[in-house]
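Okay, so here's the structure we're looking at.
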Amino acid sequence: MKTKTKPLFLKYFFFSLFVSIPILLFSFQALRLKTTDPPPGNQPSGDLRIRPGYTSYEAYLQRQLNKTLNPKLRKTWTTRDWDRKINVFAQFFQDLKQKQLLKNESKALCIGARVGQEVEALRRVGVADSVGIDLVPYPPLVLKGDFHNQPFENNTFDFEFSNVFDHALYPDKFVGEIERTLSPGGVCVLHVALSRRSDKYSANDLYSVRPLTEMFGRSEVVHVRTVDGFGLDTEVVFRKKKLIGRS
C-alpha cells in the first residue's frame, strides 16, 4: 500500500508545481509593470511623457541626489565648468535685461541650481538679489529646496529661471509652484529640450511647448525662441498675469 501511495503523491506534487510556475511568473511580471508605471495622477499623454521606473517619490528623490552628490560631477561643476557656464548664463540674462524682462532690482530665483552658476551669473550682470534652490544646498548661492514644493511665500519673486524642467516628476506641481511664488507681472524663463533627452536622470520628455502653455494657466507667453543652452534648445518665457483691478 505504501509503495503505491508514494508515486501517486509525487505525481500530484509535480503536477501542482508545473501548474503554479506560470502563475507565479505572470504575477511577478504584473507586479513589475505596476511598480514601474508613472505616479498616479501624473500619467503620460501627448507631448509630455513621464518616464516610468519610480516606485515612490522617495526613490525619485534618491535618484536625483545620486546625480547632485556625484563627486566627479560636483568637481567638474565647480572647476572646469564654473566660468564657462557663468559666461553663457550671463549672456542669456543680459539679453533678457535688454528686452526689459529682467531688471537689476528684480528679486530672482534659479530653480534646480546645483552649485549656482546661474545665480552667480545673475549677480554679475547686476541682479544682486538672486538665490537658487536645489535638493543639496551650496551656500551662499543655493538654498536647500524641492522644486515640487518651494520653501517660499506666495508672490515672492519678480523673476524665476530654470533649465531642469525635464527633472520634474510632477510637471504640474513644478509649474504650479512657479506661478505661486512669482509675483503678478513677474517673469519665468524655462530652457527646455523638445526631443527625447539623453540624460538618464530626466524624469519626463517634452516634445512641444503646448503642455507648458497649458500648465501655465495664470500666465501668458512672452516669446519662444531657439537657444543653445547646454543641450537645451528652446527658451520659453512666461509673464504671470496681473490681478484684475491692480496695477
Side-chain angles (χ1 to χ4, degrees), residues 68 73-74 76-134 136-145 147 150-152 155-168 174-175 177-194 199 206 209 212-213 216 219-242:
T68 305
L73 288 176
R74 293 187 76 81
T76 299
W77 294 336
T78 55
T79 55
R80 185 182 66 194
D81 280 358
W82 181 254
D83 286 327
R84 180 176 68 91
K85 287 192 173 182
I86 289 173
N87 291 335
V88 173
F89 283 130
Q91 292 175 15
F92 286 135
F93 296 142
Q94 285 284 18
D95 182 73
L96 292 168
K97 287 180 70 176
Q98 291 176 4
K99 291 180 169 64
Q100 300 297 307
L101 298 172
L102 175 65
K103 300 178 181 179
N104 287 348
E105 299 76 25
S106 298
K107 184 177 179 65
L109 173 68
C110 295
I111 303 165
R114 304 298 187 194
V115 294
Q117 294 104 327
E118 51 267 69
V119 180
E120 180 63 24
L122 280 167
R123 295 182 180 186
R124 290 190 186 185
V125 301
V127 187
D129 193 358
S130 303
V131 71
I133 59 168
D134 204 281
V136 178
Y138 192 78
L141 299 175
V142 181
L143 305 175
K144 183 177 181 179
F147 53 51
Q150 289 188 24
F152 306 110
N155 308 323
T156 298
F157 299 98
D158 307 303
F159 178 87
E160 298 193 27
F161 170 81
S162 184
N163 61 359
V164 296
F165 175 81
D166 61 300
H167 287 262
F174 179 94
V175 171
E177 284 297 275
I178 291 174
E179 291 199 313
R180 180 182 69 80
T181 58
L182 197 62
S183 298
V187 171
C188 171
V189 178
L190 297 183
H191 284 182
V192 298
L194 299 184
D199 190 341
L206 184 67
V209 299
L212 292 177
T213 60
F216 274 90
S219 306
E220 56 188 3
V221 178
V222 176
H223 75 238
V224 179
R225 67 168 184 165
T226 300
V227 294
D228 183 8
F230 310 111
L232 307 178
D233 54 32
T234 304
E235 178 180 271
V236 188
V237 179
F238 295 92
R239 189 188 299 275
K240 184 176 176 180
K241 297 174 184 177
K242 294 184 178 181

List the steps, then state whether side-chain contact (heavy atoms from CB on, under 4.5 Å) holds for Arg74 with Val136.
-> CA-CA 11 Å; Arg74 293 187 76 81; Val136 178; 4.3 Å; yes
Under the side-chain contact (heavy atoms from CB on, under 4.5 Å) criterion, do Phe165 and Val175 qualify, and how do the steps go?
-> CA-CA 9 Å; Phe165 175 81; Val175 171; 4.2 Å; yes
Check step by step if side-chain contact (heavy atoms from CB on, under 4.5 Å) holds for Leu101 and His223.
-> CA-CA 11 Å; Leu101 298 172; His223 75 238; 4.0 Å; yes
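Listed by chain and residue number, nothing satisfies the ring pair (Phe, Tyr, Trp, His ring centres under 6.0 Å) test with His167 (two or more places apart in sequence, or in another chain). In this structure, the salt bridge (charged side-chain N to carboxylate O under 4.0 Å, His left out) partners of Glu120, at least two apart in sequence or on a different chain, are Arg124. For Phe157, the ring pair (Phe, Tyr, Trp, His ring centres under 6.0 Å) partners two or more places apart in sequence, or in a different chain, are Phe152. For the salt bridge (charged side-chain N to carboxylate O under 4.0 Å, His left out) test, residues two or more places apart in sequence or in another chain that qualify with Asp95 are Lys99, Arg225. A search for ring pair (Phe, Tyr, Trp, His ring centres under 6.0 Å) contacts involving Phe238 returns Phe216, not counting sequence neighbours.
Side-chain atoms of Leu206 and Leu212, non-hydrogen and from C-beta on, do get closer than 4.5 Å to each other. Contact annotation: the side chain of Val125 approaches that of Lys97 to within less than 4.5 Å [non-hydrogen atoms, C-beta and beyond]. The closest side-chain heavy-atom distance from Phe159 to Val189 is below 4.5 Å. Inter-residue side-chain proximity for Thr234 and Thr226 is flagged as unmet; no heavy-atom pair is nearer than 4.5 Å. In this structure, the side chains of Val131 and Val142 stay at 4.5 Å or more apart for every pair of heavy atoms. Two residues are said to be in side-chain contact when any heavy atoms from C-beta on lie closer than 4.5 Å; Phe93 and Glu118 meet this criterion. Between Ser219 and Lys241, every side-chain heavy-atom pair lies at or beyond the 4.5 Å cut-off.
A donor-acceptor pair under 3.5 Å links the side-chain atoms of Lys240 to the main chain of Leu182, judged by distance alone. Not one N or O on the side chain of Arg114 forms a donor-acceptor pair closer than 3.5 Å with the backbone of Trp77. Looking at Gln117, its side chain never comes within 3.5 Å of a backbone N or O of Phe89 through a donor-acceptor pair.
The SG atom of Cys188 lies 6.0 Å from the CD1 atom of Ile111; values are rounded to the nearest 0.5 Å. Considering CG of Asp199 and CG of Asp166, their distance stands at 6.0 Å, rounded to 0.5 Å. If you take CG on Leu102 and OG on Ser130, they are separated by 7.5 Å, rounding to the nearest 0.5 Å. Here CD of Gln91 is found 9.0 Å from CD of Gln94. Values are rounded to the nearest 0.5 Å. The OH atom of Tyr138 sits 14.0 Å away from the CG atom of Leu143 when rounded to the nearest 0.5 Å. Rounded to the nearest 0.5 angstrom, Arg123 CZ and Ile86 CD1 are separated by 11.0 Å.
Considering all non-hydrogen atoms of both residues, Arg180 and Gln150 come closest at NH2-O, 3.1 Å. The heavy-atom pair separating Lys242 from Pro184 by the smallest distance is CA-CB, 3.9 Å. The minimum heavy-atom distance between Leu122 and Ala108, with the atom names listed, is CD1-CB, 3.9 Å. Heavy-atom minimum distance, Leu141 versus Val115: CD1-O, 3.9 Å. The shortest non-hydrogen separation linking Cys110 to Ala113 is O-CB, 3.8 Å. When all heavy atoms are compared, the tightest approach of Val127 to Ser106 is CG1-O, 3.4 Å.
Note on Lys107 versus Asp129: salt bridge recorded, some NZ/NE/NH1/NH2 to OD/OE distance being below 4.0 Å.
Not less than 6.0 angstrom separates the ring centroid of Phe230 from the ring centroid of His191. Phe92 has its ring centre no less than 6.0 Å from the ring centre of Phe161.
Among Val237, Leu232, Asp233, the single residue meeting the side-chain contact (heavy atoms from CB on, under 4.5 Å) criterion with Glu235 is Val237.
A salt bridge (charged side-chain N to carboxylate O under 4.0 Å, His left out) check over residues 83-92, counting only residues at least two apart or in different chains, returns the pairs Asp81-Arg84.
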